[in-house]
Amino acid sequence: MAEIDLSALMQQAQALQARMKEMQESAASKTVEAQSGGGMVRVVVDGTMRVRKIEIDSAIVAANDKSMLEDLILVAINDGMERAQKMLADEMGKLGPLGGMQIPGFNNE
């Protein structure tokens, strides 16, 4: 079994941590859009799972249907959160398994 070089392992861990921090900062600037009710309600969510914007079509407000409006907002926000999580997962996937760390004793393909 190969000897573990702790200093090299620590350097790799620090590099991975720096890359993850960069990715989180990058994700905060990226947004996804979701909608419901055929575009009557639109939301924008960023990579930190914050809702940045909600747009509500005046026609749905004029309809004066409070429960339908609440449902449409809920659907749009939940869809936006899902899309933001997928975007984040895709970004994290670019790091690869453990961000490409070479760990002695583990078969790093």
Side-chain angles (χ1 to χ4, degrees):
M1 184 169 170
E3 234 181 87
I4 296 175
D5 181 349
L6 285 180
S7 71
L9 195 58
M10 288 301 293
Q11 287 175 343
Q12 288 179 12
Q14 287 173 343
L16 175 61
Q17 189 175 20
R19 285 182 21 219
M20 286 180 73
K21 187 176 189 307
E22 268 177 41
M23 198 163 281
Q24 286 171 335
E25 289 168 0
S26 168
S29 67
K30 291 182 180 175
T31 60
V32 294
E33 188 173 310
Q35 61 180 355
S36 64
M40 304 271 281
V41 174
R42 289 189 304 280
V43 298
V44 176
V45 181
D46 69 21
T48 63
M49 303 300 140
R50 290 184 56 174
V51 176
R52 292 267 189 102
K53 186 177 191 177
I54 298 177
E55 293 178 1
I56 300 171
D57 190 294
S58 57
I60 191 75
V61 176
N64 203 23
D65 187 340
K66 183 178 179 283
S67 66
M68 182 169 68
L69 180 57
E70 289 170 346
D71 288 346
L72 291 175
I73 291 170
L74 193 62
V75 168
I77 289 175
N78 285 336
D79 187 31
M81 292 294 189
E82 260 182 58
R83 290 170 188 243
Q85 286 175 336
K86 183 180 182 333
M87 175 185 68
L88 202 52
D90 290 346
E91 289 294 312
M92 293 301 281
K94 291 177 187 174
L95 287 177
L98 294 180
M101 283 181 65
Q102 300 297 311
I103 302 173
F106 291 86
N107 293 331
N108 294 302
E109 300 297 313

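The existence of a salt bridge linking Glu82 and Lys86 is excluded, since no basic side-chain nitrogen approaches an acidic carboxylate oxygen closer than 4.0 Å.
A single hydrophobic cluster is seen to contain both Ile77 and Val41, as judged by linkage of ILVMFWY side chains at heavy-atom distances under 4.5 Å, directly or through other members. Met87 and Val43 fall within the same hydrophobic cluster, where Ile, Leu, Val, Met, Phe, Trp and Tyr residues are linked whenever their side-chain heavy atoms come under 4.5 Å apart, directly or through other members. Grouping the Ile, Leu, Val, Met, Phe, Trp and Tyr side chains by contacts below 4.5 angstrom, directly or via other members, places Met68 with Ile54.
The closest donor-acceptor contact from the side chain of Arg83 to the backbone of Gly80 lies at 3.5 Å or more, if one exists at all.
Considering CD of Gln85 and CE of Met49, their distance stands at 5.0 Å, rounded to 0.5 Å. Atom CD of Glu33 and atom CZ of Arg52 lie 13.5 Å apart (nearest 0.5 Å). For the atom pair CG of Leu88 and NZ of Lys30, the computed distance is 9.5 Å after rounding to the nearest 0.5 Å. Going from atom CG of Leu72 over to atom CD1 of Ile56 covers 9.0 Å, rounded to the nearest 0.5 Å. Taking CD1 of Ile60 as the start and CG of Asp65 as the end, the distance is 6.5 Å to the nearest 0.5 Å.
Counting only heavy atoms from C-beta outward, the side chains of Val51 and Met81 approach each other to under 4.5 Å. Residues Asp5 and Leu9 have side chains not in contact (no heavy-atom distance under 4.5 Å, counting atoms from C-beta outward).
Counting all heavy atoms, side chain and backbone alike, Val32 lies closest to Ala84 at CG2-N, 3.6 Å.
Within a 6.0 Å sphere centred on CD of Gln17, other residues, nucleotides and ligands contribute 12 heavy atoms or fewer.
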